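This is a predicted model, so every value here is computed, not measured.
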Amino acid sequence: MIMLSTIRRILTQLRHDPRTIALIVVVPTLLITLIYFMYDGQPRVFDRIALTMLGIFPFITMFLITSIAMLRERTSGTLERLFTTPVGKLDLLFGYGIAFGGAAAVQAAVAAGFAYGVLGMRAAGGLGLVVLIAVANAVLGVALGLLCSAFARTEFQAVQFMPLVVAPQLLLCGLFVPREAMTGWLQAISDVLPMSYSVQALTEVGQHADPTGTMWRDLGVVLGAIIVALAVGAATLRRRTE
């Protein structure tokens, strides 16, 4: 019940914030459209890039929104008031994960549906698998955003974590250079970054009509990273930012 009340409160806040709704739903669709025109006349390249970005956009969006939202909860004293009730840290963090995961499901469904239905993107696997992996990646962004927010004192500091947490994963996930073609130490770093596995899972969906063992393994790695990030976030969560 405590977790459900947390989910309800967060979704209510989102519903009354049109700018955040636009960031979640509209912006990824516009960016996918931009990619379409960038690779006009190169449908195979567009299919590969767009499929990968359908997983990356939710991660970036949810990381940014969640880290700032949790910081506001602390600086406004909301967390301090919540902790005078029976709410626990894991209830709060998993509530955030589920609430923003629901928002991410809407985001992924809209962006993927637009890419498939309007822009003509093609992948061997089904739309449902693309949405599933995109949602998992979004929840990963939520979990890492919650974790990083514990070490920020201002919203600007929360945003500063993006180059540290998001950029390396974006560069080393295999989007620009295949992971196996990277030099040894870069490949070793890529192997411990969870986004590498979500991108690889999407690549499997793009190449195979049915789910593969590699895809399920990669999705399992992402889910494991989510649980670890939430657990560490609960251990480092403070009631208030001084």
Please check: side-chain N/O of Thr52 versus main-chain N/O of Arg48, any donor-acceptor pairing under 3.5 Å?
yes
What are the two closest non-hydrogen atoms of Trp216 and Pro211, and how far apart are they?
NE1-CB, 3.3 Å
Examine distances only and state if a side-chain atom of Gln107 and a backbone atom of Ile24 form a donor-acceptor pair shorter than 3.5 Å.
yes
Does any N or O in the side chain of Ser190 come within less than 3.5 Å of the main-chain N or O of Leu186, such that one atom is a donor and the other an acceptor?
no
If I compare all heavy atoms of Ala105 with all of Val135, which pair ends up nearest, and what's the gap?
CA-CG2, 3.5 Å
Donor-acceptor contact present, side-chain Ser67 to main-chain Leu64, <3.5 Å
yes
Do Thr66 side-chain atoms and Gly145 backbone N/O form a donor-acceptor pair below 3.5 Å?
no
Closest heavy-atom pair and its distance - Tyr116, Arg122:
O-NH1, 3.6 Å
Strictly distance-based, threshold 3.5 Å: is any side-chain N or O of Gln169 a donor or acceptor partner for the main-chain N or O of Met195?
yes
Using side chain to side chain contact (heavy atoms under 4.5 Å, CB included), reason through Leu175 and Ile56 one step at a time and then give a plain yes or no.
CA-CA 10 Å; Leu175 175 62; Ile56 291 176; 4.1 Å; yes
Do you know which two heavy atoms are closest between Leu219 and Ala136, and how far apart they sit?
CD1-CB, 3.7 Å
Looking at Asn137 and Ser198, would you say the former's side chain and the latter's main chain have a donor-acceptor pair under 3.5 Å?
no
Given the ring of Tyr197, does Arg179 sit roughly above its face, with NZ or CZ under 6.0 Å from the centre of the six-membered ring and within 45° of the axis?
yes
Mind checking whether Tyr36 and Val118 have side chains closer than 4.5 Å, heavy atoms only?
no
Qualifying residue, where the test is side chain to side chain contact (heavy atoms under 4.5 Å, CB included) with Met121 and the options are Leu54, Ile49, Leu127
Leu54
With heavy-atom distances below 4.5 Å as the criterion, would you say the side chains of Phe46 and Leu119 are in contact?
yes
Please report the closest heavy-atom contact between Asp218 and Gln200, naming both atoms and the distance.
OD2-NE2, 2.8 Å
Distance-only, no hydrogens or angles: does the Thr212 side chain make a donor-acceptor pair with backbone N or O of Met215 under 3.5 Å?
yes
Worked check of side chain to side chain contact (heavy atoms under 4.5 Å, CB included) between Val27 and Thr61
CA-CA 9 Å; Val27 172; Thr61 302; over 6 Å; no
So which atom in Asp47 and which in Gly120 form the shortest heavy-atom distance, rounded to 0.1 Å?
OD1-O, 4.2 Å
